[in-house]
Amino acid sequence: MARALVNIPKTARRGDVIEIRTLISHEMETGYRPGPNGVLLPRDIITRFTCTYNGVEVFSAELFPAMSANPYLVFTTVASESGTIALTWTGDNGFSQTETATIEVA
Amino acid sequence: MRLPGAAALTLLLASPLGAEIRPDERRSDFHQMSPETRAMQTDDTANPGMLAVLDGEALWRAKAGPAGRSCADCHGDARITMRGVAARYPAWNAARGTPVGLAGQIDICRADRQGISAWPAESRERLAVTAYVAHQSRGMPISPPGDPEMAAARERGGRLFTARMGQLDLACAACHDDNWGKRLGGTPIPQAHPVGYPIYRLEWQAVGSLQRRLRNCLSGVRAEPFPYDAPELIELEAFLMQRAAGLPIETPAVRP
Amino acid sequence: MLVSLSRREVLLAGSAASFVLAVPALASPEEMNEAIRRFTSGAETKAGRVRLDLPPLVENGNAAPLAILVESPMTEADHVRRIAVFNERNPQPNVITAHLGPRSGRASLSTRIRLANSQRITAVAEMSDGSFWSGTADVIVTLAACIEGA
Amino acid sequence: MWFRLPVAAALACCTIGTHVSAQERGDAIPASLTGLPGDPARGRRIVADRTRGLCLLCHSAPIPEERFQGDLAPPLAGAGTRWSEGQLRLRVVDPRRLNPDTIMPSYLRRDGLTRVAPAWRGRPILEPQEIEDVVAYLATLREQP
């Protein structure tokens, strides 16, 4: 499993715009780079990221080889209710990882 | 520096080998980086090196070997027991009669306490545990140990630092003592203090050790790099840590 | 030239990153414009409302910090639906396409991208009224002096 | 010892098959290393190439298309007004002959070096004719920086 670093506020007031910061370990092999033997290494990247808030998608992104290794993504969402925020990264070679965090909204 | 045309003999020739960096001028390469790269290091939620630190924390607690023993079983909470340790390495290992780097000490622990083989040089696991241990010393000044045996190792490292090597016939000191702050191509030459290893280097797109960096430099002057864990690399590290004494540990540092 | 340099031998100096050395053919501004046309389905793109922040000088093309902020109230009636980032000198013109909505609260996005070379980066935002707005930033990638040889 | 590397010794071992008739006089090597003239256009390409001539890592030169030039060493602009071709040749072939502490390596030396990587062992940084090309280019640099 890839190591992920997720930063989501544990508490917020209803209506606050909160910032979600994510970092996940992944080489993001571009598919354009030759290996030691001169043959191109096959592409191996994360192609998609989604964020759901109590099951509803609030943010998503398609990623391309021009994204840096160990992709870093910061975006915002409105703290609407207490519950679970789930982040999912999927990609080449069956890569799939989900991290969840709970948020208390008062 | 622009020299007048009359200084014919010295023109085209760079300045001669000078002295060591004055203590009051010593500083981390952190200060030569762009504000963006500095921010990448100082914000733990943006620093990709923290992924290795987190990996290391999990490995610290993982039981391994025939005895099913973890690092934590002997050392307890690394945040307390490992604080300041990285600032004192490389250290003299009396039992083996040799200076040992932090990663080398982890190898020894695995062999002697866990009964398992060392992780390969530059493996994810070895870098992760080293980064986790070194991270516990973040902010603490580099404090090399005073053993006389280490003094001898440092002296050998210092001789390597000032020895010309490779097809380009350059010594480490030619750049990092005598010309730091100037530009090699587009890149400012750092003073080269090993304050933040293992570092996340943007060029590598990964975390790596000081030994990897030293081997890069040797390749750069077209010299044959010393193999990983060669005594020469440990001695160079011991010399560099003495040269950087007093500067705070930054692990995991980010560098371009 | 007497001996051709292999990747292994290109030790001191070289281009911004292994990314660039590896790339046989890079995208062009035309390909980037084509990718933008695909994103907008040919609709007109107006300059403005999109602030794209990239440092003018990047120390290493492997990780250039990029931040986007689009002017929008982000309400049900008026919000940003998508933001896409394009480049003109990497092997392919797309970088990232993000999907947002009123629940985003703010139309902002920060990430790190690869730049094979000094170039212009373009961000395009699709608004809920179907209009497209764009912002650009020029970035210079410093040539690394010491790159890993082996 | 002032000259750790006498010019004659540096040149004695030049590429097999290359006729080298270099003779140092004063602070110059007046004659072409190969007996042939250098090509300034080829020389410019070598100087501009950071993996071949390596010059721009330390020096700046009037090569505007190459950004990010070094400043460890004096600018090359105007070199052709400051020295003759022979003087330039000596400074590329054996700069330590003039300043034993300079960081600039000998571009022709191929032995007596320490720990040279296998890929470069026994080879000079530039071959004699490449040095001639570089010297011919430097001699054309008449504008001061």
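Order of the sequence lines sets the chain letters (A, B, ...), proteins ahead of strands, with each chain counted from 1. A quick note: this is a predicted structure, and the numbers were derived from the prediction, not measured.
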Looking only at heavy atoms, the pair that brings B:V195 and B:R255 closest together is CG2-NH2, 3.7 Å
B:S34 and B:E36: side-chain hydrogen bond (donor to acceptor under 3.5 Å, both in side chains), yes or no, with the steps? CA-CA 5 Å; B:S34 72; B:E36 294 81 17; 3.3 Å; yes
Could you look at D:L113 and say if it's the side chain, the backbone, both or neither that has a heavy atom under 4.5 Å from chain B? side chain
What part of D:R67 gets within 4.5 angstrom of chain B, counting heavy atoms only: side chain, backbone, both, or neither? neither
Quick one: do D:E132 and D:R89 make a salt bridge, cutoff under 4.0 Å? yes
Is there side-chain contact between B:E250 and B:S28, with at least one heavy-atom pair below 4.5 Å? yes
Given heavy-atom pairs under 4.5 angstrom as the criterion, report whether the side chain, backbone, both or neither of B:I189 touches chain D. side chain
